[in-house]
Each structure stands twice: as C-alpha cells, then as structure tokens.
Amino acid sequence: MHPENQALIVIDVQNDFCPGGALAVTEGDAVVPVINAMLDEFAVKVLTQDWHPANHASFAANHPGAAPFSMTEMPYGPQVLWPTHCVQGSTGAAFHPGLRTDPADLVIRKGFRSAIDSYSAFFENDRKTPTGLDGYLRARGVTDLVLTGLATDFCVAYSALDAARLGFAVTVRLEACRAIDLNGSLAAALDEMRKAGVALV
Ligand code: VGL
Ligand code: ZN
C-alpha cells in the first residue's frame, strides 16, 4: 500500500471513450484491467467522468455545418469540435462496465457547463474555473498523484499539466492510458508533460 499522501486519479474510463463508443480511443478498454489492479494500492482513489449536457458547445452537432474533429474559436481559445459524447445520464457517459468503481473515494464530474469544455480534472478549458479537485486532494493531505485513463493526449495531459502547475508531484502511468492522437497531439502532449516535470513511466 502506498502512503496516505499519494492518490490514484482515473480519468474518464467511460463507454464513449472505449471501442464501440461515440469518441472511441483505440484500445481504450485495455486500461481497465491495469487500473483495476492498481486501485487497491492507493489510499486515495478518485475517478473522473466527462459529463456534458446535450447542448454542449464542444459538440460539432451544435455548430451547424461543422465537421467532427474540426477546430473552432471559443472565448477561452481554440477548441476541437468533438462527436457528441458522454451526454449526462447516457450509456456512453457511464463508466466501462469492467472498471471497479466501488473502491473510489470520489467521483468528480466535469464539462457540465454548456458553454465551456473541461479536459482537465482540475480546471475547465479557460484554465481558471475550478472543479474542486485541488481542494479535495489538499484537504486529504495528498501531495503526489498517479494519473491513468483516457485520453493520454487530452484529459490525462491537461490534468497532469494543471496538477504540476498546482504543485503536485505528478506521474503518468502510460500503460494505464491510451491516446486519441489527433494530428500529432500525442507527441505534443508527451513533450509538454515532460517539460512541465511530469514523470512518464
Ligand atoms: C476527452 C475529448 C473530449 C478526454 C473528453 O477524456 O480525453 N477528450 N472530451
Ligand atoms: Zn468531452
């Protein structure tokens, strides 16, 4: 068992990010047994859930004429327009049925404001609006994070970069992650994480 100051953060292991889902990540479901085996090792365990209203601004379907995976400008900067995914209460938004969710201490939902996307578990995409996870972890005395889940180059990377910026010691366990890899986004995310002092193992 790892010490009390270390938390396992499991990012977005939801049906829509797994094969057959609306925004399927190649081999996304392969992370499930790896994460299941890690859960009992950690004193603090947090799951995140991408949780969008149907009218969410990150969905291409809500921008007439826009193709999925095209780019748009939001008040907070450039934004990928995604296929409709992880709609609140849908099967796609549910955790992968094989994921052991009972051991989790906290499930944190993000992306529930229609006008702003939220890749990171800590801040929405304006990098300012907090999810509350920072306060939760600090209140429990957590200083070190191990990040796992989907997708390496979006929600995992944004979470890792925010966590490093907030002063946590951050490790990303790559064998427990899978990537979307949109136009070189995986290489760019790995590079940014390395530069921010995130340990990639
Ligand atoms: C994610 C794109 C849109 C993720 C969430 O979990 O990486 N990616 N929403
Ligand atoms: Zn999303």
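Both ligands and their constituent atoms are indexed starting at 1 by order of listing.
A side-chain contact (heavy atoms from CB on, under 4.5 Å) with Asp153 is found for exactly one of Asp181, Leu190, Val25, namely Asp181.
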Item checked: Derivation of the side-chain contact (heavy atoms from CB on, under 4.5 Å) call for His96 and Asp29 -> CA-CA 8 Å; His96 183 286; Asp29 55 345; 3.8 Å; yes
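Thr171 places no side-chain N or O within 3.5 Å of a backbone atom of Val146 that could act as its donor or acceptor partner. Although no hydrogens or angles enter the test, the distance criterion places no donor-acceptor pair under 3.5 Å between the side chain of Tyr76 and the main chain of Glu124. With Thr148 contributing its side chain and Ile9 its backbone, the two residues share a donor-acceptor pair below 3.5 Å.
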List ligand 1's nitrogen or oxygen atoms that come under 3.5 Å of a protein nitrogen or oxygen, with the partner atom and distance.
unit_1: ligand 1; atom_1: 6 (O); unit_2: Asp12; atom_2: OD2; d: 2.7
unit_1: ligand 1; atom_1: 6 (O); unit_2: Leu150; atom_2: O; d: 3.3
unit_1: ligand 1; atom_1: 7 (O); unit_2: Ala151; atom_2: N; d: 3.0
unit_1: ligand 1; atom_1: 7 (O); unit_2: Cys155; atom_2: N; d: 3.1
unit_1: ligand 1; atom_1: 9 (N); unit_2: Asp50; atom_2: OD2; d: 3.1
unit_1: ligand 1; atom_1: 9 (N); unit_2: His85; atom_2: NE2; d: 3.1

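Ring to ring, Phe112 and His52 are not that close: their centroids are 6.0 angstrom or more apart.
Here salt bridge (Lys or Arg N to Asp or Glu O under 4.0 Å) pairs that include residues 47-66, with residues two or more places apart or in two chains, are Asp50-Lys110.
Legend: residues meeting ring-ring contact (aromatic ring centres under 6.0 Å, His included) with Phe17, ordered by chain and number and at least two apart, are His85.
Remark: Arg127 is not positioned above the aromatic ring of Phe122, lacking an NZ or CZ atom under 6.0 angstrom from the ring centre and at most 45 degrees off the axis.
Note on the Zn ion (ligand 2): protein N/O/S atoms under 2.8 Å are Asp50 OD2, His52 NE2, His85 NE2.
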